[in-house]
Amino acid sequence: MYQIFYWVHIVSYIAWLLAFVMSTFYAVKVWGEDDAVKRRKSMRSERLATSIGGHLGALGILISGGAMASIPGGPQWGWFNFEFYPWLAVKQIIFLIILVLVGISIKKSIAFKKKMKREKDVMTTETSEKWRKAYRWSLAVYILVVVNTILGLTKPF
């Protein structure tokens with residue numbers, strides 16, 4: 001059973017990292033696009049990549065990580081012996097920060113999507129600003145996910 005949750009954990013991290021790549025790709029398209037219709041489409045695609053990969057990745061990590069800590073078998077990190085695994089303590093603190101930021105990102109994304117629906121095919125400065133705010137929060141999450149991934153892979157201390 002441990003191996004199943006282990007692989008869910010790995011796949012969730014991969015989804016999160018792929019969402020980071022896709023989100024960055026669409027953000028670059030947003031910033032480089034002059035056509036309002038194409039900008040809207042890129043903004044919508046960026047938010048979709050973050051919603052699917054980023055937010056579901058967080059849920060997968062939360063569930064699988066909790067399960068792995070609870071199941072006997074595999075490495076016994078327990079709930080959590082931070083004295084013996086200080087890297088894990090740092091990783092968990094960062095993950096708690098990530099979860100808070102994911103909540104803020106979701107809230108900002110919802111505000112952007114509501115504004116987008118109300119405007120139909122028009123692109124206003126307010127819509128662009130709502131997208132920028134949502135994207136910035138997501139970017140902060142992605143950067144912390146990369147840091148957390150490095151901590152998990154290297155276990156530096």
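When reading the values below, keep in mind they use all heavy atoms of this one structure, side chains included, and skip hydrogens, waters and symmetry mates. On a predicted model such as this, the values are computed, not experimentally measured, just so you know. In what follows, residues are counted from 1 in the order of the sequence shown.
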*Any idea how Trp16 and Phe95 line up, ring-wise: parallel (<30°), tilted (30 to 60°), or perpendicular (>60°)?*
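Trp16 and Phe95: perpendicular rings.
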
*asked:* Is any side-chain heavy atom of Phe20 closer than 4.5 Å to one of Val145?
replied: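 The answer is no, as the side chains (C-beta and beyond) never meet within the 4.5 Å cut-off.
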
_So Ser138 and Lys108, do their side chains get closer than 4.5 Å, heavy atoms only?_
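Counting from C-beta outward, Lys108 and Ser138 never come under 4.5 Å.
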
*Could you name each residue pair satisfying side-chain hydrogen bond (donor to acceptor under 3.5 Å, both in side chains) that touches residues 128-137, not counting sequence neighbours?*
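For residues 128-137, and leaving out neighbouring residues, the side-chain hydrogen bond (donor to acceptor under 3.5 Å, both in side chains) pairs sorted by first residue read Glu46-Trp131, Glu129-Arg132, Glu129-Arg136.
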
*Measure from the side-chain N and O atoms of Thr127 to the backbone N and O of Met123, and report whether any donor-acceptor pair falls under 3.5 Å.*
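Such a contact is absent between Thr127 side chain and Met123 backbone.
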
Output the distance between atom [atom1] ([X]) and atom [atom2] ([Y]), rounded to the nearest 0.5 Å.
X: Leu17; Y: Thr149; atom1: CG; atom2: OG1; answer: 4.5 Å
X: Ile98; Y: Ile93; atom1: CD1; atom2: CD1; answer: 12.0 Å
X: Ser12; Y: Leu62; atom1: OG; atom2: CG; answer: 10.0 Å

*asked:* Before we go on, tell me: are the rings of Tyr13 and His9 under 6.0 Å apart, centre to centre?
replied: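 Yes, they do, as the ring centres are separated by less than 6.0 Å.
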
Out of curiosity, does [Y] fall in the hydrophobic cluster containing [X] (side-chain heavy atoms, cut-off under 4.5 Å, transitive links)?
X: Ile71; Y: Ile10; result: yes
X: Val21; Y: Val146; result: no
X: Met43; Y: Trp31; result: yes

*Looking at residues at least two apart in the chain, or sitting in another chain, which of them share a side-chain hydrogen bond (donor to acceptor under 3.5 Å, both in side chains) with Ser45?*
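Partners of Ser45 under the side-chain hydrogen bond (donor to acceptor under 3.5 Å, both in side chains) test: none.
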
*State, without any angle test, whether Ser42 and Glu33 hold a side-chain donor-acceptor pair at a distance under 3.5 Å.*
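Looking only at side-chain atoms, Glu33 and Ser42 do not form any donor-acceptor pair under 3.5 Å.
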
*If you group Ile, Leu, Val, Met, Phe, Trp and Tyr whenever their side-chain heavy atoms sit less than 4.5 Å apart, what else falls in with Tyr26?*
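Hydrophobic cluster check, Tyr26: joined to Met22, Phe25.
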
*Does NZ in Lys41 sit with more than 12 non-hydrogen atoms of other residues, nucleotides or ligands closer than 6.0 Å?*
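No, the 6.0 Å shell around NZ holds no more than 12 heavy atoms from other groups.
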
